Amino acid sequence: MTPSIQVRDVPPRVAHALEQAGVHPLLARLFAARGVRTPDDLDDGLARLLPPDTLKGSAEAAALLADAIDAGHRICVVADYDCDGATACAVALRGLAMLGAAPGTLGHVVPDRQVHGYGLTPTIVDLAMAQRPAVLVTVDNGIASEAGVAHARALGLKVLITDHHLPAQDAHGVRLPEADVIVNPSQPGCAFRSKALAGVGVMFYVLLALRAELRQRGRFDAASQPKLDALLDLVALGTVADVVKLDDNNRRLVAQGLKRIRAGRMQPGIAALFAAAGRSAQRASAFDFGFALGPRINAAGRLSDMSLGIECLLTDDPTRAAALAAQLDAINRERREVEAGMREQATVLLDRLMPEGGAPPALVLFDPEFHEGVVGIVAGRMKDRLHRPTFVFARGNDGLLKGSGRSIPGFHLRDALDLVSKRHPGVLKKFGGHAMAAGCTLGEPDFATFDAALQAVASEWLQPEALTRTVATDGPLAVEYFCADTVARIDAQVWGQGFEAPVFLDEVEVLQQRLVGEKHLKLRVRHGGPAGPLRDAIWFGHAEALPQRVRLAYRLNLDEFQGQQRLQMVVEAAVE
């Protein structure tokens, strides 16, 4: 499927003002195209973070936790089984200990994806009760856990929900669980400007509010208070790995975490994960979080037990951290093998389902051999391949189908599930999520009904132009900027969801092309006209030959092999 190529608009006055303020000319152009308007927007100092007092529930959460710490009550953190949930759990436990929780009063539980399902279920509450807590704190989950919260309250527990997912809705409006306190920027009435906080970001803000509350209670003053910025390596990892929008506030959180890591100030588990992934912590980037560290943490929750990932982030023993990181690396290799097999099965299914006229407006796939732990990854791969909202289902231990979905711009996946549930009551046992990623559970006999219902919503909501993938680019890269210094300048910045890394667009002459590894196209191209320099390029996962003259949308990359560094174009798309 040939994509549509779009060149980002660069407001010339803004780019000029940024350049005049000392921003490198190329970066000034890139920043201006992404909505940066003043040099102040680029200030990533901690003082520029949004204050916690506008985050609804943060003051009440601080008082609840401060009372528990003062009374020496046990606090149990209920984690989630992805990287955001794991980092949020580590931030909660490390932060509460820093702020005075007595040794032996902190614990945590984490659901097993296949046994307990998602969120604060009554079963998880019962599991937590073995620790005899007085307070349950959810991280990255809980906003839809009405039954679990009711069960915990009936047992006499106080419940603090920290989450960032959208709350449940029915015909009467938003439904919230009856927790003692809810902190979630997506809840009604919350004035916090950054609705894009990840779960780990919400927990970090609760700790900021708790520190302010303890300061008011005289536990310490501004000079002697614990420095919570020591947790920002974890906050940065969870924020990028959860693919939330990198608005100004999230970019500051990530930038601060990266600065600490590059300076060698990080948790032993973070250092061990960099080593296990073969990445340099001194040159850490957001890319490392999203494609090296995050997948290794996530693999534990997908195929094994997320407790491994959480322990790796909690241990202060570098030797133990290295052993756990090695385990996570091995699990991630297994995850890649499972995913590759499922991708092949999904491709066969697609070929069977594909109508003569092309792909349907949405993809819904199920195979009895699919593994529940990697359905989300496979959904993402299929979505990228055909640019369609995609759900992939696997059969859970309870016999129900557990689905994970990924979407495209213009199709709010969670709202689509909500409409399906209204049109077909009872088909969805439960569902939740965001605009771009969501999950749901249904009975196997209802699979065909769900498939047809999602296709119907997609047909209604998606215009034909929305079903063509658009690759946003930054236009041509001047020849003088095709150098290692440019890669270093770009890699030093924070890029991610909503603030995408630069993709350049240049016409080239293809001089050589061959397949490497049976599925990657290796190219030698002439860049910059008939007398222009020769460049190396690679297109991962693409095997079809290119014409002699073509426009390449590409990222600039420094390839390292056997101690040698070489500039190359990493191709994202090609158009004649």
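Heads up: numbering here begins at 1 and tracks the sequence. Note that the structure is a prediction, hence the values are computed from the model and not measured.
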- Only pairs at least two apart or in different chains count here, so list each side chain to side chain donor-acceptor pair (under 3.5 Å) that has a residue in residues 89-101. Arg94-Gln267, Arg94-Asp316

If a pair satisfies ring-ring contact (aromatic ring centres under 6.0 Å, His included) and one of its residues is in [range], list it, with sequence neighbours excluded.
range: residues 287-306; result: Phe287-Phe291
range: residues 70-109; result: none
range: residues 142-164; result: His164-His434

- Using only heavy-atom distances, determine whether the side chains of Asp305 and Ser307 contain a donor-acceptor pair under 3.5 Å. yes

List in chain and number order the residues that pass salt bridge (Lys or Arg N to Asp or Glu O under 4.0 Å) with [X], two or more places apart in sequence or in another chain; answer none if no residue qualifies.
X: Glu339; result: Arg335, Arg343, Arg381
X: Lys383; result: none
X: Asp415; result: none
X: Asp70; result: Arg217, Arg219

- Message: For Ile377 and Arg302: C-alpha separation, side-chain torsions, deciding distance, then whether side chain to side chain contact (heavy atoms under 4.5 Å, CB included) applies.
- Response: CA-CA 10 Å; Ile377 296 177; Arg302 295 185 189 282; 3.4 Å; yes

- Task: Start with the C-alpha distance between Arg153 and Glu178, add both sets of side-chain angles, then the distance that settles salt bridge (Lys or Arg N to Asp or Glu O under 4.0 Å), and finish with yes or no.
- Result: CA-CA 8 Å; Arg153 295 285 300 276; Glu178 297 287 336; 5.5 Å; no

Among all residues two or more places apart in sequence or in another chain, which pass the ring-ring contact (aromatic ring centres under 6.0 Å, His included) test with [X]?
X: Phe192; value: Tyr205
X: Phe411; value: Trp461
X: Phe274; value: none

- Pairwise salt bridge (Lys or Arg N to Asp or Glu O under 4.0 Å) hits with a residue in residues 286-296, at least two apart: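 Only Arg279-Asp288, Arg296-Asp329 qualify under salt bridge (Lys or Arg N to Asp or Glu O under 4.0 Å).
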
- Task: Go through the steps to decide whether Arg265 and Asp233 satisfy the test salt bridge (Lys or Arg N to Asp or Glu O under 4.0 Å), and finish with yes or no.
- Result: CA-CA 8 Å; Arg265 301 195 308 274; Asp233 56 343; over 6 Å; no

- Query: Near Arg262 CZ, under 6.0 Å, is it more than 12 heavy atoms from other residues, nucleotides or ligands?
  - Reply: yes

